Amino acid sequence: MFYRENGQLKTSYQADQQIFPIAQDRWAIIGLVLFAIVAVPLLANEYTFSAILIPFLILSLAALGVNILVGYCGQISMGSGAFMAVGAYAAYNTLVRIDGMPLLLALLSGGFFATVVGMFFGIPSLRVKGLYLAVATLAAQFLSDWAFLRVPWFTNNSTSGSVMVSELQMFSWRIDTAVEKYLFCLGFLIVFAVLAKNLVRSAIGREWMAVRDMDVAAAVIGIRITYAKLSAFAVSSFIIGVAGALWGFVHLGAWEPAAFGLDRSFQLLFIVIIGGMGSIMGSFFGAAFIVILPIVLSQTLPALGNLVGFEVSTAAISHAEFMIFGALIVWFLIVEPHGLAKLWSTGKQKLRLWPFPH
Amino acid sequence: MRVRNALLAAVVMTAGFSSSLTTPVFAQEQEQFFPLLVFRTGPYAPSGVPWANGFVDYYKLVNARGGINGVKAVWEECETSYATDRGVECYERLKGKNGGATLFQTMSTGITFALTEKAPGDKIPILTPGYGRSDSADGGVFEWNFPLTGTHAASADTQLQYVASLVGGLDKLQGKKITLLYHDSPYGKEAIPILQKRAEMHGFDLSMIPVTHPGVEQKSAWLQIRQNRPDFVLLWGWGVMNSTALKEAQATGFPRDKIVGVWPSGSESDVKGISGAEGYSAVLLQPGSGPDSQVVKDILELVHAKGEGTGPKEEVGEAVYMRGVVNAMLSVEGVRAAQEKFGVGKTVTGEQARWGYEHLDLTQEKLDALGFHDVMREVKTSCADHMGSSWARAYVWDGTRWKLASDTWFQADMSILDPLVKTSADAYAAEKKLERRRADDCQS
């Protein structure tokens, strides 16, 4: 009833090929974006911006990149943390070493170098598949951990191995406050999400999906496997690299390689699996689940404890957080193995038929 | 279904009652908020738990003694698991609570780096007693950072002086082989510049072996040590890395009395229950282990005896626990100093507290009165010197407790430290386009 496309006739190819062919979807997304740009800055407080929304936006962006590789092209990668690290350190080095380097260009150069590294580590994907590829991409993770810890050049010879960036400035806009940082990240996310959505709908996106579903069949119908796989690695690492640069520049301000460790790679992979593989929307759902839920748990558990007159110790909160979080992951994967995005589309289907389900 | 609803209603009702009962009690009192970034879980918990307990017990003691000139100390913990991003989240969460944070004690070098970029904007001082970034001792550049009672660089210098005292003087280090076994993080790396400088000066051979986070994999490191046969191993571990190192030392047969740790490697939790740890020594920037000190007696009497203690009673007085106590004491004394300027018995803001930390003058008499006799020595900060002092003593583990190796107090040689700190701080200022604070700025 709420979600019917009856009467929405498409009279041109253009109308038929737009991103959201159904008017309700289109308006909902436009509304959501407007809400994020206009209403959220008015409603949220500084804590929400710095601790929840900014990490959420940046990890959504990274998950978008991972989703292109893992979800759309079917190449399991555990080197996402490494590509984020390459993005962050490359952006840092271009900013520090080149005088008068604009911020935007530095961030994009982070993406560029991540692309180069990503394509290099994508080469094994031409020969190995599945779990073996996952292990091969682990090499990227270990290499980046090693390189950024031990090669002093990357950290501009910082004695402690920690690098920092402050003063973010784009053109004449000084990105100081939490709201500005939020809008800055949001801008990146919107641009990349639209690009990614269009890419996966285009010829190259279909090639990726064909390779994912069955690479031999894809080769038989004339898809160049090398090109498809490496382009997926390239696009994915570019986005992850930019996300890594944002994570370092905007969210942390100062970072060390531990910020992009193996845990980060796993986190991104979980975001994609829980959010929904092969779904742009899923990246956002997954990031919301993985980023926001632990914080919400750690905030509400003591409050809940207080309600029943029981003081929960900090360690107990942390343990409970892990247990509840783990249980929820298992529960979600059992009831909806295709991720939260599938839940979303089931919901839409239900809305369409309601209140007459037959 | 009905039962469930009834249960739910009951829970909501009791919830409503209990919250309405507890809130109004402290409404009228003056409060000073001390946020705590703790790590009670994860691989560093062995060090983190007693450290956090020391903090909380001391704040409880302050309140039991009547507060800070009548101002009640309040605190809230936030678990970071020693991870930088969680630390940043905790900082954002706590900075505006309970009338605003007085200060932040990061309890982690990595988090210190991240917060150093954020705190000046929020006008909140950062205390890193005994750790943090070594160049932040330079108050001319780092206005908001206070590595009181010493930095990692000071740790390294005093550690080396102790090693020199074992071989009979700094000039006897010539030709010796010293290996630095360090935690591969900003914390561990802070030791390197000063040790390299010392190696150049005294002509000993310094080799460095990094151990990756979390530090449980050290087989290859100890294999290298066995091949090298160094005269001394300087241990810069943290959490589980320390106990692993001592076990590996035993497995390799490296004599424990040739291993010298620093304060993050020198607490009871690092050596207790490890057979063969006897003889291992550690140079602890103040404080050391202090089970017999007056402050510990007070805590046991006024806090633990009333059943309000945090953590097990047996751990009160352990080295890392004492560090929590001293860190909390420094945070409170800075507030007291600020109160003397801005109004005794009033809550001070973060900005006012910063003034207090910059004008901290803890003489030995004041410390003795607080119960810190023979635990630590005087601290006096100034605009230029945010470190105050860097006294350290060496302790030896005898299998049951840390015993003083000698009564000597070491202090970092500032003629070596200062140029390094200044160069590093200047580089930081140049990178950030900061100007050194002028003399008139220091008066305010």
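Throughout, a chain's letter reflects where its sequence line sits, starting with A, and its residues are numbered from 1. On a predicted model such as this, the values are computed, not experimentally measured, just so you know.
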Pick one of side chain, backbone, both or neither for [X], based on which atoms fall under 4.5 Å of a heavy atom in chain A.
X: B:Lys433; answer: neither
X: B:Tyr91; answer: neither
X: B:Glu117; answer: side chain

A:Lys181 bridged to B:Glu92 by N-O distance under 4.0 Å: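 Salt bridge: no.
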Go through A:Ser298 and B:Arg93 one step at a time and tell me if the side-chain hydrogen bond (donor to acceptor under 3.5 Å, both in side chains) criterion holds. CA-CA 11 Å; A:Ser298 80; B:Arg93 185 194 303 185; 2.8 Å; yes
Heavy atoms only: give me the nearest [X]-[Y] pair and the separation to one decimal.
X: A:Leu252; Y: B:Ala114; answer: O-CB, 3.8 Å
X: A:His251; Y: B:Lys118; answer: O-NZ, 3.1 Å
X: A:Ala254; Y: B:Phe113; answer: CB-O, 3.3 Å
X: B:Glu89; Y: A:Gln299; answer: OE2-NE2, 4.3 Å

Looking at A:Trp146, I'd like to know if its CH2 atom is crowded, meaning that more than 12 non-hydrogen atoms belonging to other residues, nucleotides or ligands lie closer than 6.0 Å.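 Counting other residues, nucleotides and ligands, CH2 of A:Trp146 stays at 12 neighbours or fewer.
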Would the distance check show the side chain of B:Lys189 and the main-chain N or O of A:Ser158 forming a donor-acceptor pair, the cut-off being under 3.5 Å?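 No, the answer is negative, given that no donor and acceptor are paired below the 3.5 Å cut-off.
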Side chains of B:Asp85 and A:Arg264: does their closest heavy-atom pair fall under 4.5 Å?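 Yes, at least one pair of side-chain atoms sits under 4.5 Å.
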Examine whether an atom of [X] lies under 4.5 Å from a heavy atom of chain B, and if so say whether it belongs to the side chain, the backbone or both; otherwise answer neither.
X: A:Ile317; answer: neither
X: A:Pro294; answer: both
X: A:Trp247; answer: side chain

Quick check for you: among A:Arg150, A:His319, A:Glu46, which has the greatest number of heavy-atom pairs under 4.5 Å with chain B?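 The answer is A:Arg150.
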Using 0.5 Å steps for rounding, measure from the NE2 atom of B:His213 to the CD atom of A:Glu256.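 Result: 10.0 Å between the selected atoms.
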Set out, in order, the CA-CA distance, both residues' side-chain angles and the distance that settles side-chain contact (heavy atoms from CB on, under 4.5 Å) for A:Asp145 and B:Thr212, then state yes or no. CA-CA 9 Å; A:Asp145 278 356; B:Thr212 41; over 6 Å; no
